[in-house]
Amino acid sequence: MSIYFSGRLRSLVPYVPGEQPQKKPYLKLNTNESPFPPPPSVAEAVAAEANRLQLYSDPDSRALVEQLAASKGVKPTQVLVGNGSDEVLSFAFQAFADETHPLCFPDITYGFYPVLAELYRIPYTCIPLREDFTVDPLPYIGCGRTVVLANPNAPTGIALPLETIEKIVRANPETVVLIDEAYVDFGGESAILLTEKYENLLVVQTFSKSRSLAGGRLGFAVGSEKLIADLHTVRNSFNPYNVNRMTAAAGVAALREQAYYDENCRAIIENRAWTTEALHALGFDVLPSQANFLFARSERIGGETLYLELKQRGILVRHFGASRIAAYNRITIGTRVQMERLIDTIKTILEENDP
């Protein structure tokens, strides 16, 4: 840390992304990327923009916003796009939370929420998950705070039903309820249609998971026209050209290939079920996931030990050091061949570690 670093940021602990190895080849089951590439039409759309990089992108991303609005059944004025859903979350935290509207979110959830709160000096409260790692909705009912819920939650993969989300939104008319649906396409229920009914609901999604564009960095928010106008005020005060030409073109092309992505999601859901059963057969406890990952632990081996043993054998999973979840590992669901390799490797590790 330099002597010039702002005093208000000296205590900031940044978010730590999952490992992205640069040299040794790994089977990457640690960052919830799709195992499937985007369809050829997406690559073609990106290539078509390569010769126009001397020109700024459309600051309003109109083609992309209109395509998104049509696909979600809302007006273009109800959609905002960003450089990944993390940027959209950043805009929302700045727009809808402060000392008079502090934040609340679960104690075990996406690790970027507390980092953003600390960065923008927003007071926040972490509400403990239940013992079974489900979200208890009662503390969020009429809480008078800006509510942030990942649904399905990460890293647990557990989802709240839509009627519970609606109860929380309805009970907090004076504050925004932000539902982060990064993993909703793998079995959850989207709250987007509820944005027509509730002006305080903001739904955030990403192209990184089910839409195979983690490297493209594209996310979006859907909400009432007034909420989206607020987000545009923040965006245009930060970076009006926040979505580049190639990413915008990739997003439009991806939205036209829904059948392709639906089939990929179906395959991941099937592989998730197969992997869950295979882990159960090895004695693992596996939380009921509606995401493209599993959260699992074993009495036969510690979470960190298993993570390190897998890494030594060329497989990356995600381990978190927080005491309440240190026994668990988060495992991204890949292809059947990839999951079979994972299970075979875990079998070998358990056999070698058993007394």
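For the pair Asn151 (side chain) and Leu160 (backbone), a donor-acceptor distance under 3.5 Å is present. In this structure, the side chain of Ser224 engages the main chain of Glu199 through a donor-acceptor pair within 3.5 Å. Checking side-chain atoms of Thr134 against main-chain N and O of Arg130 turns up no donor-acceptor pair under 3.5 Å. Although no hydrogens or angles enter the test, the distance criterion places no donor-acceptor pair under 3.5 Å between the side chain of Arg297 and the main chain of Gly303. Using a distance-only test at 3.5 Å, with no hydrogens or angles considered, no donor-acceptor pair links the side chain of Ser85 to the main chain of Val88. A donor-acceptor contact shorter than 3.5 Å links the side chain of Asn239 to the backbone of Tyr241. A donor-acceptor distance shorter than 3.5 angstrom exists from the side chain of Asp58 to the backbone of Arg62, with no hydrogens or angles considered. The backbone N or O of Ala50 sits nowhere less than 3.5 Å from a side-chain atom of Arg245 that would complete a donor-acceptor pair. Formation of a donor-acceptor pair under 3.5 Å by the Ser212 side chain with backbone atoms of Phe36 is found in this model. The main-chain N or O of Ala45 is never found under 3.5 Å from a side-chain atom of Glu49 such that the two would form a donor-acceptor pair.
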From CA spacing to verdict: side-chain contact (heavy atoms from CB on, under 4.5 Å), Leu201, Val222: CA-CA 9 Å; Leu201 173 61; Val222 177; over 6 Å; no
Phe105/Tyr113 under ring-ring contact (aromatic ring centres under 6.0 Å, His included): CA gap, chis, key distance, verdict: CA-CA 8 Å; Phe105 41 78; Tyr113 302 157; 5.7 Å; yes
Verdict with supporting geometry, Leu178 and Val204, side-chain contact (heavy atoms from CB on, under 4.5 Å): CA-CA 7 Å; Leu178 189 160; Val204 176; 4.0 Å; yes
side-chain contact (heavy atoms from CB on, under 4.5 Å) evaluation trace for Leu279 with Ile346: CA-CA 9 Å; Leu279 289 170; Ile346 291 176; 4.0 Å; yes
Check against side-chain contact (heavy atoms from CB on, under 4.5 Å), Asp107 and Leu129: CA-CA 7 Å; Asp107 64 332; Leu129 296 180; 3.7 Å; yes
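Using modelled atom types, one finds no donor on one side chain facing an acceptor on the other under 3.5 Å when comparing Tyr261 with Asp185. Side chain to side chain, Thr146 and Tyr124 fail the donor-acceptor criterion of an N or O pair below 3.5 Å. For the residue pair Gln258/Ser71, the side-chain donor-acceptor check at 3.5 Å is not satisfied. Using modelled atom types, one finds a donor on one side chain and an acceptor on the other under 3.5 Å when comparing Arg145 with Thr125. Side-chain atoms of Asn244 and Ser57 include no donor-acceptor pair closer than 3.5 Å. Side chains of Asp86 and Tyr110: a donor-acceptor N/O pair is present below 3.5 angstrom, by distance only.
The shortest side-chain heavy-atom distance between Leu306 and Ser298 does not fall under the 4.5 Å cut-off. Annotation: side chain of Pro37 is not in contact with side chain of Val42 (no heavy-atom distance under 4.5 Å). Between Thr77 and Ile228 the shortest side-chain heavy-atom distance does not fall below 4.5 Å. By the 4.5 Å heavy-atom criterion applied to side chains, Lys347 and Ile343 are counted as neighbours. No side-chain heavy atom of Ser41 sits less than 4.5 Å from a side-chain heavy atom of Arg256. Inter-residue side-chain proximity for Phe96 and Leu231 is flagged as met; some heavy-atom pair is nearer than 4.5 Å. The shortest side-chain heavy-atom distance between His101 and Glu174 does not fall under the 4.5 Å cut-off. In this structure, Phe284 and Leu294 have side chains that are not in contact, with every pair of non-hydrogen atoms separated by 4.5 Å or more.
Within 6.0 Å of OH in Tyr56 there are 12 or fewer heavy atoms belonging to other residues, nucleotides or ligands. For Arg324, the CZ atom sits in a packed shell: over 12 heavy atoms of surrounding residues, nucleotides or ligands are nearer than 6.0 Å. Surrounding CD of Glu352 are more than 12 heavy atoms belonging to other residues, nucleotides or ligands, all under 6.0 Å away. Environment of CD in Glu163: crowded, with over 12 heavy atoms of neighbouring residues, nucleotides or ligands closer than 6.0 Å.
Connection of Phe91 to Leu64 is not established within any shared hydrophobic cluster, with ILVMFWY side chains joined at heavy-atom distances below 4.5 Å, either directly or through further cluster members. In this structure, Leu89 is not a member of the same hydrophobic cluster as Leu68, with clusters built from ILVMFWY side-chain heavy atoms closer than 4.5 Å. Placement of Ile165 and Val203 within a single hydrophobic cluster is found when ILVMFWY residues are connected by side-chain heavy-atom separations under 4.5 Å, directly or transitively. In terms of hydrophobic clustering, with Ile, Leu, Val, Met, Phe, Trp and Tyr side chains grouped at heavy-atom distances under 4.5 Å, Ile315 and Tyr26 are assigned to different clusters. Put simply, Val74 and Val252 are part of the same group of oily side chains (I, L, V, M, F, W, Y) that touch within less than 4.5 Å, one to the next.
Taking CD from Glu33 and CZ from Phe293, the interatomic distance works out to 13.5 Å, rounded to the nearest 0.5 Å. Distance check: Asp98 CG to Arg121 CZ gives 14.0 Å after rounding to the nearest 0.5 Å. The CD1 atom of Ile331 sits 11.0 Å away from atom CG of Asn32, with the distance rounded to the nearest 0.5 Å. How far OG of Ser210 is from OH of Tyr183: 11.0 Å, rounded to the nearest 0.5 Å. To the nearest 0.5 angstrom, Asn200 atom CG is 11.0 Å from Thr195 atom OG1. One distance of note links OG1 of Thr109 with CG of Asp180; it measures 7.5 Å at 0.5 Å rounding.
Considering all non-hydrogen atoms of both residues, Lys209 and Phe186 come closest at CB-CE1, 4.0 Å. Between Leu193 and Lys72, the shortest heavy-atom distance links the atoms CD2-O, 4.4 Å. When every heavy atom of Asn30 is checked against every heavy atom of Arg330, the shortest pair comes out as O-NH2, 2.7 Å. The heavy-atom pair separating Val46 from Ala250 by the smallest distance is CG2-CB, 3.7 Å. Pro152 and Gln290 make their closest contact through CG-O, 3.4 Å (heavy atoms, listed as atom of the first residue, atom of the second, distance). Considering all non-hydrogen atoms of both residues, Pro155 and Ile108 come closest at CD-CG2, 3.7 Å.
Partners of Glu263 under the salt bridge (charged side-chain N to carboxylate O under 4.0 Å, His left out) rule, at least two apart in sequence or in another chain, are Arg266. With sequence neighbours left out, Arg235 forms a salt bridge (charged side-chain N to carboxylate O under 4.0 Å, His left out) with Asp60.
The aromatic rings of His319 and Tyr307 sit parallel, their planes meeting at an angle under 30°, below the 60° perpendicular limit. Ring orientation note: the planes of Tyr328 and Phe295 are close to parallel, at an angle under 30° on the 30°/60° scale.
Glu309 and Arg300 are not joined by a salt bridge, as no carboxylate oxygen comes within less than 4.0 angstrom of a charged side-chain nitrogen.
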